[in-house]
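One structure below.
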Amino acid sequence: MEDGTDILLIEDEPNIAEAVCFILVRDGWRVATVSDGAEAMRSLRERMPRLVVLDVMLPNRSGDEILTELRADGDAALAATPVLLLTAQGRPATELADAILAKPFANDDLRALVRRMIN
């Protein structure tokens, strides 16, 4: 069941989530946010976004765990959803992401990656 969300942002740091949302909404994308790793898969299944922007470090469930479950999902369309992984730790544990953006990042880098991954 799609709800028209272009991008699902899964990020627990309020300042980062607010900044990313501001940048993406200003560029015309419809963005929904989730701040807890435990809620991520439910929200992904409900929203069926065109792109996921996923933080690695989340409460209750890591971005790596979420991404592993997403890629193994029985719904092929959901499993194929492009994922942009945000990380402050350098190299994430998983190679399942479509792109990786290290924090802190330039706004223009975020915009360019999102455009490339959705279009």
Side-chain angles (χ1 to χ4, degrees):
M1 157 178 80
E2 293 186 40
D3 74 347
T5 297
D6 292 312
I7 301 165
L8 179 61
L9 171 62
I10 305 170
E11 168 65 63
D12 66 313
E13 177 59 46
N15 293 337
I16 294 172
E18 185 177 334
V20 170
C21 279
F22 178 80
I23 292 162
L24 297 177
V25 168
R26 192 173 65 188
D27 275 9
W29 302 110
R30 292 167 300 193
V31 181
T33 60
V34 173
S35 61
D36 189 306
E39 295 294 317
M41 286 306 298
R42 182 189 56 74
S43 189
L44 278 162
R45 287 184 182 104
E46 286 177 3
R47 296 179 185 282
M48 297 294 291
R50 296 171 61 194
L51 172 69
V52 177
V53 178
L54 176 61
D55 186 21
V56 172
M57 299 286 291
L58 294 165
N60 300 314
R61 193 144 192 237
S62 76
D64 289 329
E65 292 171 320
I66 294 162
L67 184 51
T68 298
E69 183 178 346
L70 173 65
R71 293 298 186 232
D73 195 87
D75 181 331
L78 183 63
T81 304
V83 175
L84 171 57
L85 206 57
L86 301 180
T87 180
Q89 299 182 306
R91 197 91 200 132
T94 182
E95 298 296 324
L96 299 174
D98 297 283
I100 298 167
L101 189 58
K103 296 176 188 178
F105 50 82
N107 295 352
D108 287 342
D109 291 343
L110 174 65
R111 284 188 192 98
L113 269 172
V114 167
R115 272 189 231 111
R116 187 180 83 222
M117 293 176 79
I118 290 183
N119 294 327

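No experiment lies behind these values; they were computed from the predicted model shown. One is the number of the first residue; the rest follow in order along the sequence.
For the residue pair A77 and M48, the shortest heavy atom distance occurs at CB-CE, 4.2 Å. Residues I100 and A97 approach most closely at CG1-CB, 4.3 Å, considering heavy atoms. The two residues E39 and R42 make their nearest non-hydrogen contact at OE1-NH2, 2.6 Å. Residues G63 and L58 share a closest heavy-atom pair of N-CD1, 4.1 Å. Scanning all heavy atoms of the two residues, the minimum distance from D12 to S35 falls at CB-O, 3.2 Å.
Counting heavy atoms from C-beta on, the side chains of R30 and I7 never come closer than 4.5 Å. Between V52 and P82 the shortest side-chain heavy-atom distance does not fall below 4.5 Å. Under the 4.5 Å side-chain criterion, counting only non-hydrogen atoms from C-beta, L101 is in contact with L84. Using a 4.5 Å cut-off on side-chain heavy atoms (C-beta onward), L54 and L86 make no contact. Side-chain atoms of V83 and L96, non-hydrogen and from C-beta on, never get closer than 4.5 Å to each other. Looking at heavy atoms from C-beta onward, F105 lies in side-chain contact with V20 at the 4.5 angstrom threshold. Residues L70 and L44 are in side-chain contact: their nearest non-hydrogen atoms beyond the backbone lie under 4.5 Å apart. Residues R111 and R26 form a side-chain contact, since some pair of their non-hydrogen atoms from C-beta on lies under 4.5 Å apart.
A single hydrophobic cluster is seen to contain both V53 and V25, as judged by linkage of ILVMFWY side chains at heavy-atom distances under 4.5 Å, directly or through other members. One hydrophobic cluster, built from ILVMFWY side chains closer than 4.5 Å, cannot hold both L85 and I16; they sit in different ones. A chain of hydrophobic side-chain contacts below 4.5 Å, direct or via other Ile, Leu, Val, Met, Phe, Trp or Tyr residues, connects V31 to L113.
A donor-acceptor pair under 3.5 Å links the side-chain atoms of T68 to the main chain of D64, judged by distance alone. Judged purely by atom type and a 3.5 angstrom limit, S62 uses its side chain to pair as donor or acceptor with the backbone of E65.
Using a 4.0 Å cut-off between a side-chain N of Lys or Arg and a carboxylate O of Asp or Glu, E69 and R45 qualify as a salt bridge.
Within a 6.0 Å radius of CE in M117, other residues, nucleotides and ligands contribute more than 12 heavy atoms.
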**Report entry** K103 vs D55, salt bridge (charged side-chain N to carboxylate O under 4.0 Å, His left out): CA-CA, chis, key distance, verdict
**Finding:** CA-CA 10 Å; K103 296 176 188 178; D55 186 21; 3.0 Å; yes
Query raised in the report: Are D98 and R71 close enough, and set up right, to give a salt bridge (charged side-chain N to carboxylate O under 4.0 Å, His left out), and what steps lead you there?
Result: CA-CA 11 Å; D98 297 283; R71 293 298 186 232; 2.7 Å; yes
Query - Evaluation steps, side chain to side chain contact (heavy atoms under 4.5 Å, CB included), between E18 and T33 - result: CA-CA 9 Å; E18 185 177 334; T33 60; over 6 Å; no
Query raised in the report: Hey, mind stepping through C21 and L9 against side chain to side chain contact (heavy atoms under 4.5 Å, CB included) and telling me if it holds?
Result: CA-CA 8 Å; C21 279; L9 171 62; 3.9 Å; yes
Report task. Give the intermediate values and the outcome of side chain to side chain contact (heavy atoms under 4.5 Å, CB included) for residues L51 and W29. Result -> CA-CA 10 Å; L51 172 69; W29 302 110; over 6 Å; no
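Remark: of the listed residues D73, I10, V34, D73 is the sole one forming a side chain to side chain contact (heavy atoms under 4.5 Å, CB included) with M41.
The line from OG1 of T81 to CZ of R50 is 11.5 Å long, rounded to the nearest 0.5 Å.
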